[in-house]
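Remarks on the structure that follows.
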Number of protein chains: 2
Amino acid sequence: MMDEAAAQQAFRSALVIEGAESLAAIEAEVRAFAAPLGYDRFVLFSASATQDEVVERIYWVEGDWFGDGESVDAETYVRRCPVTRHILEAREPFFWTKTIAKEGDLYKIVRHPRGQGVHGLQIPVFGRLGLEGAMSLGGERIDASQRARLALGLIATMAFFSARRLLEAAVEAVGPLSDREREVLAWTAAGRRQVEIAATLGLSERTVENHLRRIRKRLGVATTAQAIRVAIRNGEIAG
Amino acid sequence: MMDEAAAQQAFRSALVIEGAESLAAIEAEVRAFAAPLGYDRFVLFSASATQDEVVERIYWVEGDWFGDGESVDAETYVRRCPVTRHILEAREPFFWTKTIAKEGDLYKIVRHPRGQGVHGLQIPVFGRLGLEGAMSLGGERIDASQRARLALGLIATMAFFSARRLLEAAVEAVGPLSDREREVLAWTAAGRRQVEIAATLGLSERTVENHLRRIRKRLGVATTAQAIRVAIRNGEIAG
DNA sequence: CTTTCGTTGAGGGAAATCCCTCATTTCGCC
DNA sequence: GGCGAAATGAGGGATTTCCCTCAACGAAAG
């Protein structure tokens, strides 16, 4: 059970993670903090609520998630795990339990995991565009206290943003849209009007309008509404 | 400066706030936790990047935010404060400083507030729909350490969700769309204009327009472009 | 050093959307 | 039978978006 020192350690770890300069450093810190609480399986990934594929990109996967002898790879496992899909409806971190039944694995969202099997904590990470990522931690004898939930929530959120900062920086500029265009479109998808976006970004209405026209042209669509869908499909903006 | 006991207290307070049954209880807990850190001014409100008004509803305002003798009410103050608007661009909690210059108050976003004037910490709160609220804390001699930032971030996030739970009883009833509405929206997402959809479905332009308005209302969004994203997110239409 | 590209901004006008209210019909339900 | 919700449609006006062209500036690329 988390004590005073652990509470202090949570903030210390969060700061270390925030300033981390490599994914390995993040992993090490998370591992070190979570191990005493009984967690020894980790998954960290970016996500979006876009239809089928919840999981966008997996940053880190570690530990014995599948029962031994399973032949599925980590990626497939994460993507099809029902617990992963549940973050679509989740508004906050939640515990889950996997029990092995005769018909196969049975996953359940629970308030207080106990008993046999693998238990875990799934932490959705929200940002300006809604669901942006998540972290899942698991183990067989975990600290499932409310305090652990809060502390791991803090750690996981920091880990996600920090990992994304490190990993997505190099990969940026993939799509045909420029940064500015993506920004304008993201705000449009968020429901803001041209004049509002202009105010927010410190531009003239004209410029925002010009950006949007350019966006439509680039995406080869007729209307802005369609541009939203195409952009989401292409991963240009978050779903 | 936050010590071990304070770290422990942060989690304890967060849990108290999570389980609070009245706004007063939340306020008391936040006050109690923040006071030792030098914070004695508070604002808690729901916000949205999808409306013209950033601030939607103010849950709690307390403390001497304006210099004495000011005649503006709290609401007006919060709504027009430049720091408040900055949460639109923020991705994480940030410190700010208000210095009193001859030409009026000068607000600045800073990393380490110091010196004369009122300092504060603004904490944006994100949820499934992106920016959903924020909390601002201020004082004249505040603990602006990184650890305090994390702890107050935790407290503020919890305070917001808890306050909203109490005050916005049956909000967020994102009702499902009717078949016809879904059909109209699907065509819209496909890039068709209202008049084209009317022709395709054998309706009048008016009806298509009325359907779209109803859709926006149901999804609780401001523009059709936003409706596309929200509908995709909810699985109403294909992404 | 020239060209390209991204970003910014504008004029002028056409087209489309959005907003309010009101009304009719159909359909399932108690 | 009456009641509410969905679907349909309209009037009339206010906003907003969209389209075309033109132009300047800086940075990066050739």
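Numbers restart at 1 for each chain; the letters A, B, ... are given by sequence-line order, proteins then strands.
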Distance in angstrom units between H211(B) NE2 and dG9(D) P, rounded: 8 Å

Side chains of W187(B) and L201(B) in contact at under 4.5 Å (non-hydrogen atoms): yes

Taking every non-hydrogen atom, the tightest pair across P93(A) and L121(A): CB-CD1, 4.1 Å

Whole-Å distance separating the CZ atom of R182(A) from the C1' atom of dG6(C): 13 Å

Beyond-backbone contact of R182(A) with D179(A), side-chain heavy atoms, under 4.5 angstrom: yes

Smallest separation among heavy atoms of Q122(B) and F45(B), with atom names: NE2-CZ, 4.0 Å

Tabulated below should be each protein N or O lying under 3.5 Å from an N or O of nucleotides 28-30 of chain D; please produce it.
none

Taking every non-hydrogen atom, the tightest pair across A159(B) and I26(B): CB-CG2, 3.9 Å

Least distance between heavy atoms, L166(A) atom then L23(A) atom: CD1-N, 3.8 Å

Sugar-phosphate, base or nothing in reach of T207(A), heavy atoms under 4.0 Å: base

Whether over 12 other heavy atoms sit under 6.0 Å from W60(A) CH2: yes

Minimum heavy-atom distance between R91(B) and F126(B), given as atom pair plus value: O-CE1, 3.6 Å

Between the first and last five pairs of the helix from dC1(C)-dG30(D) to dC30(C)-dG1(D), the angle of the axes, rounded to 10 degrees: 60°

Can you tabulate the close N/O pairs, meaning under 3.5 Å, that link protein atoms to atoms of nucleotides 3-6 of chain D?
| from | atom 1 | to | atom 2 | distance (Å) |
| --- | --- | --- | --- | --- |
| dA6(D) | OP1 | R218(B) | NH1 | 3.4 |
| dA6(D) | OP2 | R214(B) | NH2 | 3.3 |

Euclidean distance, atom CD1 of residue I215(A) to atom P of dC18(D) [Å, nearest integer]: 10 Å

Note: E183(A)-R180(A) ion pair, threshold 4.0 Å (strictly below): yes

W96(A): partners by ring pair (Phe, Tyr, Trp, His ring centres under 6.0 Å), with sequence neighbours left out: none

Separation of dT8(C) P from I197(A) CD1 (nearest whole Å): 13 Å

d(CH2, W187(A); P, dT17(D)) in whole Å: 16 Å

NZ/NE/NH1/NH2 to OD/OE distance under 4.0 Å, E209(A) and R206(A): yes

Residues forming a side-chain contact (heavy atoms from CB on, under 4.5 Å) with Q146(A), sequence neighbours excluded: H112(A), R149(A), L15(B), E18(B)

Nucleotides 17-22 of chain C: protein proximity per nucleotide (B base, S sugar-phosphate only, - neither; heavy atom, under 4.0 Å): SBBBB-

Salt-bridge criterion met for E181(A) and R218(A) (N-O under 4.0 Å): yes

